[in-house]
Asks: 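Pasting in a structure now, in structure tokens, and then I'll have a few things to ask.
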Protein chains: 2
Amino acid sequence: MSPNPSEGDYQVQGQIGFILRKANQRHVAIFASHISDLTPPQFAALAKLHDVGETSQNQLGNMIAMDAATVKGVIDRLAARGLVRLSKHEVDKRRLQVNLTDEGRRAIEELVPLAKAISDETLSPLSAKDAETLLQLLTKIS
Amino acid sequence: MSPNPSEGDYQVQGQIGFILRKANQRHVAIFASHISDLTPPQFAALAKLHDVGETSQNQLGNMIAMDAATVKGVIDRLAARGLVRLSKHEVDKRRLQVNLTDEGRRAIEELVPLAKAISDETLSPLSAKDAETLLQLLTKIS
DNA sequence: ACATTTTCATTCGTACACAAGTGATAACCT
DNA sequence: AGGTTATCACTTGTGTACGAATGAAAATGT
């Protein structure tokens, strides 16, 4: 029954959205098993800040694909833990500048090797070549 | 400076976790542009229910990769909108059985064609062959 | 039969993620 | 200059997502 392809052949588990969600879940779990005191978004914010130095909150958010409301929460939590410092921009009074503290800098520099291990473990079911292919294809749909 | 590969070459934006997160963001946005009155998890729950018929909340959660706390919220919202119906299992008094209502069945059957379009649009930057490859590789790391 | 362990569901707390609305400031433009 | 528009940050509300703790009921082991 139903050899009609527009009818009964839809399986959520095979859809790109579902698989993307699951892959993400697995990655977050691997991340947490290596770095338990920071979330992936928090880590991304620190790493990017280490990369570019002082920026405004919104600018940082743009760089790591977070909207203003989301980045605020992430930065507030990092600030509460003393990893970043906030200050008003001297010229543009709207802007809230974000900086790494010494502790934040130390933290991110220590964590980068772990982050590499996390990426490796996430991709460990694949050969090096397949991992490379996956990153390329995934980038295209991002 | 720093030709040392273990030092300065870490870029968050190139890591699998970051790209996965971004790809997911894009997919969710595409989903919302086609189906605005349901979220991807809600849709997954309805689709799976339509597939397997009556099940318990936890069982449904297992099938669509949601833990007990998450699936409860999703199902409660679907129930509040009359798309699913909850009832106690007659034998096993711990279980909460979940069923599609007629309205829920009508909804999911109408939405499946849209869901296919969503998957297609998400994968549209890729050739059919690359899309297939992506799904396979992604499944392996899920 | 009874105690131990599992399973099912719930609740609480924390953390993204984004839409929509607000207020303040800056940039632009005639 | 003065009005319009854009940008920056914040707030509220909704919806995942998961850890941890709880209580009820079922399954298991002896």
Side-chain angles (χ1 to χ4, degrees), chain A residues 17-18 20-33 35-46 54-81 83 86-98, chain B residues 17-18 20-33 35-46 54-81 83 86-98:
Chain A
F18 187 85
L20 232 27
R21 182 168 141 273
K22 275 195 67 178
N24 210 51
Q25 280 177 6
R26 175 165 166 275
H27 172 261
V28 172
I30 291 171
F31 188 101
S33 76
I35 301 180
S36 57
D37 59 343
L38 230 46
T39 65
Q42 287 168 7
F43 176 86
L46 285 187
E54 180 172 284
T55 6
S56 74
Q57 222 178 43
N58 274 11
Q59 267 176 320
L60 181 61
N62 277 339
M63 293 188 263
I64 54 178
M66 287 179 207
D67 70 7
T70 300
V71 86
K72 179 185 172 25
V74 173
I75 292 300
D76 281 355
R77 282 181 284 274
L78 291 175
R81 291 174 47 185
L83 300 175
L86 301 176
S87 57
K88 284 182 188 160
H89 188 107
E90 294 169 9
V91 179
D92 188 337
K93 294 180 195 165
R94 295 168 305 178
R95 292 197 181 185
L96 189 62
Q97 295 297 100
V98 189
Chain B
F18 188 85
L20 232 28
R21 182 168 140 271
K22 277 195 67 178
N24 210 52
Q25 281 177 4
R26 174 165 167 274
H27 173 261
V28 172
I30 290 171
F31 189 101
S33 75
I35 300 179
S36 57
D37 59 342
L38 231 45
T39 65
Q42 287 167 7
F43 177 85
L46 284 186
E54 181 172 283
T55 6
S56 73
Q57 224 178 40
N58 274 11
Q59 267 177 320
L60 181 61
N62 278 338
M63 293 188 261
I64 54 178
M66 287 180 209
D67 70 6
T70 300
V71 83
K72 178 180 174 26
V74 172
I75 292 301
D76 280 355
R77 284 181 283 275
L78 291 174
R81 292 173 47 184
L83 299 175
L86 302 175
S87 56
K88 285 182 187 158
H89 188 107
E90 296 170 7
V91 179
D92 187 337
K93 293 180 195 167
R94 294 170 305 180
R95 294 197 180 184
L96 189 62
Q97 297 294 102
V98 189

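A note on names: the letters A, B, ... follow the listed sequences, proteins ahead of strands, and every chain is numbered from 1. The analysis underlying the following values was restricted to heavy atoms, covering all of them including side chains, and did not include hydrogens, waters or symmetry mates.
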Asks: Over how many whole Å does the gap from K88(B) atom NZ to dA24(D) atom P extend?
Replies: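 Roughly 13 Å, once rounded to whole Å.
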Asks: For residues T39(B) and F31(B), determine if any side-chain heavy atom of one lies less than 4.5 Å from a side-chain heavy atom of the other.
Replies: no
Asks: Let's see if you can work this out: which of dG15(D), dT25(C), dA9(D) has an atom nearest to the side-chain heavy atoms of T39(B)?
Replies: dG15(D)
Asks: CG of L38(A) to CZ of R81(A): how many Å apart, nearest 0.5 Å?
Replies: 5.5 Å
Asks: Counting heavy atoms from C-beta on, name the nucleotide in dA15(C), dA17(C), dA17(D) closest to the side chain of T70(A).
Replies: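 Looking only at side-chain atoms, T70(A) lies closest to dA17(C).
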Asks: Determine the contact category for V28(B): base if any of its heavy atoms lies under 4.0 Å from a base atom, sugar-phosphate if only primed atoms, P, OP1 or OP2 are that close, otherwise nothing.
Replies: nothing
Asks: Once you apply a heavy-atom cut-off of 4.0 Å, does V91(B) come out as touching a base, just sugar-phosphate, or nothing?
Replies: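 It contacts sugar-phosphate atoms only.
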Asks: What is the distance from CD of Q57(B) to P of dT11(C), rounded to the nearest Å?
Replies: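 Atom-to-atom, Q57(B) to dT11(C), this comes out as 10 Å.
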Asks: Would you indicate what A68(A) reaches in the nucleic acid, counting non-hydrogen atoms under 4.0 angstrom: base, sugar-phosphate, or nothing?
Replies: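 Nothing, no nucleic acid heavy atom in range.
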Asks: If the cut-off is 4.0 Å, is R94(A) near the phosphate of dC10(D), judged by side-chain N/O to OP1 or OP2?
Replies: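 No.
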Asks: Side chain of D67(A), heavy atoms from C-beta onward: which of dC18(C), dT10(C), dA9(D) has the nearest atom to it?
Replies: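 Of all the options, the side chain of D67(A) is nearest to dC18(C).
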Asks: Between Q97(A) and Q42(B), who's closer to the 5' end of DNA chain D by nearest nucleotide?
Replies: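 Closest to the 5' end, via its nearest nucleotide, is Q97(A).
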Asks: Nearest 0.5 Å, please: how far is NE2 in H89(B) from CG in L96(B)?
Replies: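 These two atoms lie 11.5 Å from each other.
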Asks: Which whole-number value in Å describes the distance from N62(B) CG to dC8(C) P?
Replies: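 Those two atoms, CG and P, are 8 Å apart.
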Asks: Side-chain N or O of Q25(B) versus OP1/OP2 of dC16(C): is the shortest distance under 4.0 Å?
Replies: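 No, no such contact exists.
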Asks: To the nearest angstrom, how far is L60(B) atom CG from dA9(C) atom P?
Replies: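 Between P of dA9(C) and CG of L60(B): 10 Å.
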Asks: Looking only at heavy atoms, which two atoms of S56(B) and R95(B) are closest? And how far apart?
Replies: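 Residues S56(B) and R95(B), closest heavy atoms: CB-CD, 4.1 Å.
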Asks: With respect to the side chain of A69(A), which nucleotide from dA17(D), dT11(C), dC18(C) is positioned closest?
Replies: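 Of the candidates, dC18(C) comes closest.
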Asks: Mind listing the closest non-hydrogen atom pair of G61(B) and V71(B) along with its distance?
Replies: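 Here G61(B) and V71(B) meet closest at CA-CG2, 3.8 Å.
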Asks: To the nearest Å, how far apart are K72(B) NZ and dA20(D) P?
Replies: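 About 21 Å, once rounded to whole Å.
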Asks: Would you say Q59(A) reaches dT7(D)'s phosphate, i.e. side-chain N/O to OP1/OP2 under 4.0 Å?
Replies: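 For Q59(A), the contact criterion (side-chain N or O under 4.0 Å from OP1 or OP2 of dT7(D)) is not met.
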Asks: Tell me which nucleotide among dT11(C), dA15(C), dT16(D) gets nearest to the side chain of R77(A).
Replies: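 Shortest atom-to-atom distance from the side chain points to dA15(C).
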Asks: Report yes if a side-chain nitrogen or oxygen of R95(B) is closer than 4.0 Å to either non-bridging phosphate oxygen (OP1 or OP2) of dA26(D); otherwise report no.
Replies: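 Result: no.
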Asks: Please state how far atom CG in D76(A) lies from atom P in dT11(D), giving the value in whole angstrom units.
Replies: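 After rounding, the reported distance stands at 9 Å.
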Asks: How do D92(B) and M66(A) order along DNA chain C: which one's closest nucleotide is nearer the 5' end?
Replies: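 So the residue in question is D92(B).
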Asks: Whole-Å distance between dC18(C) P and N58(A) CG?
Replies: 14 Å
Asks: If I take atom CZ in residue R21(B) and atom C1' in nucleotide dT16(D), what distance separates them, rounded to the nearest angstrom?
Replies: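 After rounding, the gap between these two atoms is 15 Å.
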Asks: Is V98(B) touching bases, backbone alone, or none of the nucleic acid, heavy atoms closer than 4.0 Å?
Replies: nothing
Asks: Any side-chain heavy atom of Q57(B) within less than 4.5 Å of one from K72(B)?
Replies: yes
